[in-house]
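To keep things clear, I will list the structure first and then write my remarks on it.
Start at 1 and go down the list; that is how both ligands and their atoms are numbered.
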Amino acid sequence: MTDPRRLVPRTDLLLSDPRLVEAAGRLGSARVKAAVLAVQQLIRDGKLAPDQAVASVLANLPDAASSLTPVLNATGVVLHTNLGRARLSPPAVDAVQRASGYLDVEFDLGTGRRARRGRGTLHALEQLVPAADTALVVNNGAAALLLAVTALAAGREVVISRGELVEIGDGFRLPELIETTGARIREVGTTNRTSLADYAAAVGPQTGCVLKVHPSNFRIDGFTAGAGIAELATLDVPLVADIGSGLLHPDVLLPDEPDVTGSLAAGAGLVTCSGDKLLGGPQAGLIFGTAELVERLRRHPLARALRVDKLTLAALEASVAGPATPTARYLHADPVLLRQRCERVAATLRADTGAEVVPSAGAVGGGGAPGLELPGWAVALPEAFADALRHSRPVVIGRLEHGRCLLDLRCLEEAEEAALVDAVRQAASKLGEQIGRTLGERAGRTVSDPGAAG
Ligand SMILES: *Cc1c(COP(=O)(O)O)cnc(C)c1O
């Protein structure tokens with residue numbers, strides 16, 4: 001028998017194949033070369049025919065230069081932390097694309113001189129929140145809080161209720177963050193009850209600021225009391241409100257979520273929030289407030305370390321100034337329309353999969369509005385689809401509930417339904433007979449983890 005080594009196509013010959021030259025242009029030559037070496041090894045080991053070399057290299061290359069894989073979010077969780085929180089609107093995506101090259105981010109085209117960085121974005125935010133003198137944008141909500149506490153209270157005290165020393169998610173604990181700034185935490189009140197008098201007794205010459213944190217990811221019911229922003233504003237010290245979600249104005253759907261305008265009107269000196277929660281924009285931290293306090297933050301050296309890039313500025317402006325964001329549309333999706341869409345999708349899939357339409361409670365997610373159920377519908381498939389759909393193209397992430405894989409269409413555009421159907425069909429053909437078996441079972445097992453924590 002011939003030594004298989006002799007049959008292994010040469011590296012330079014493979015790399016000069018036009019299909020691999022094209023792939024190297026998209027993905028980088030190092031990646032393509034690594035795939036070539038791996039395929040040569042398969043041939044050497046007798047596991048692949050030499051004439052399959054190029055096809056096999058192509059099959060082993062990723063779709064894109066970034067390993068981040070887009071997915072269809074069929075979980076019904078609008079701000080799914082594990083799936084990138086808010087989905088950008090088409091105008092925001094366009095803005096990111098336009099901002100990706102050279103641009104006038106710090107340059108005045110009229111005078112040819114340097115200009116204030118991100119002025120268009122800040123202007124858009126200030127227009128939308130007239131209650132604020134001015135705004136500032138940093139890397140994320142945690143950075144906004146870090147900057148506020150550092151600038152106002154480093155070496156001094158932050159007065160905060162014991163009921164608000166929270167963990168936001170993924171091990172991010174507020175007290176630990178505050179301590180990194182060199183500020184001392186002055187705890188007041190108890191876990192369930194804190195009064196204005198508690199704050200008043202703690203405020204003194206050492207106070208840098210009073211901090212009011214919205215408990216965004218949990219609820220305490222029963223014998224509770226707290227001091228609101230309006231009450232705390234009567235204390236003669238800077239008042240910072242971390243509202244978390246980034247609602248600029250109240251939303252009737254979310255009566256328990258504080259909003260920027262309301263918090264400023266009640267007397268907060270600074271309001272901080274995230275850009276990629278209910279605001280529906282890119283990851284960012286927004287700070288609104290009085291000219292004097294925001295200026296103190298802007299001038300602090302830390303502000304430079306927390307500043308955002310041009311892509312964020314572009315996406316943020318387009319998100320707030322443009323049409324309703326996907327986040328807003330998905331939250332307010334009409335259950336009647338959701339049901340019609342599910343019926344349509346289920347009808348095309350029924351023969352292959354036994355799809356049914358079932359009620360499905362959507363969630364805000366992202367650590368916001370815990371316990372709030374958004375009424376909706378889903379296409380129910382046998383449980384085995386959950387796994388298979390994570391390996392189809394496009395990738396579809398559903399939700400496991402009562403031993404079924406639910407595909408909730410809330411966070412999908414209608415134009416994406418065809419791709420979803422396609423993915424389900426791919427999965428169905430891979431699962432083959434397995435579906436027939438699972439169809440019969442339908443045990444009452446619940447495996448539900450919407451990953452909704454912020
Ligand atoms: C989410 C949240 C944060 C953290 O914001 P990130 O943008 O995730 O850094 C801080 N405070 C509150 C109240 C939050 O809900």
Between Arg116 and Asp108, does any NZ, NE, NH1 or NH2 come within less than 4.0 Å of an OD or OE carboxylate oxygen? no
Going by the closest heavy atom to atom 10 (C) of ligand 1, which one wins out of Leu146, Asp242, Leu286, Ile243? Asp242
Does any N/O atom on Ser245 come nearer than 3.5 Å to any N/O atom on ligand 1? no
List ligand 1 atoms under 4.0 Å from Gly141, heavy atoms only on the residue side. 5 (O), 6 (P), 7 (O), 9 (O)
Carboxylate-amine/guanidinium contact Glu416 Arg410, below 4.0 Å: no
Check if Ile168 has a non-hydrogen atom at a distance under 4.0 Å from any atom of ligand 1. yes
Report, in ascending order of atom number, the atoms of ligand 1 lying under 4.0 Å from any heavy atom of His214. 13 (C)
Asn140 heavy atoms within 4.0 Å reach ligand 1 at atoms 7 (O), 9 (O)
If I apply the N/O under 3.5 Å rule, does Phe172 come out as touching ligand 1? no
For Glu106, which of Arg119, Arg307, Arg113 qualifies under salt bridge (Lys or Arg N to Asp or Glu O under 4.0 Å)? Arg307
I'd like to check which ligand 1 atoms, numbered from 1 as shown, lie under 4.0 Å from a non-hydrogen atom of Gly244. 12 (C), 13 (C), 14 (C), 15 (O)
Do Ala142 and ligand 1 have an N or O pair less than 3.5 Å apart? yes
Residue selection (non-hydrogen contact nearest atom 14 (C) of ligand 1) among Lys277, Glu164, Gln283, Arg85: Lys277
Salt-bridge contact Glu356-Arg404 (side-chain N to carboxylate O under 4.0 Å): yes
Is a side-chain donor or acceptor of Asp387 paired with a backbone partner of Ala384 at a separation under 3.5 angstrom? no
Should Ser274 be counted as touching ligand 1, given the test is an N or O pair under 3.5 Å? yes
Name the residue from Leu406, Leu409, Val358, Leu407 that meets the side-chain contact (heavy atoms from CB on, under 4.5 Å) definition with Cys342. Leu409
With a 4.0 Å cut-off on N to O distance, would you call Arg329 and Glu413 a salt bridge? yes
Would you call Glu414-Arg344 a salt bridge at under 4.0 Å N-O? yes
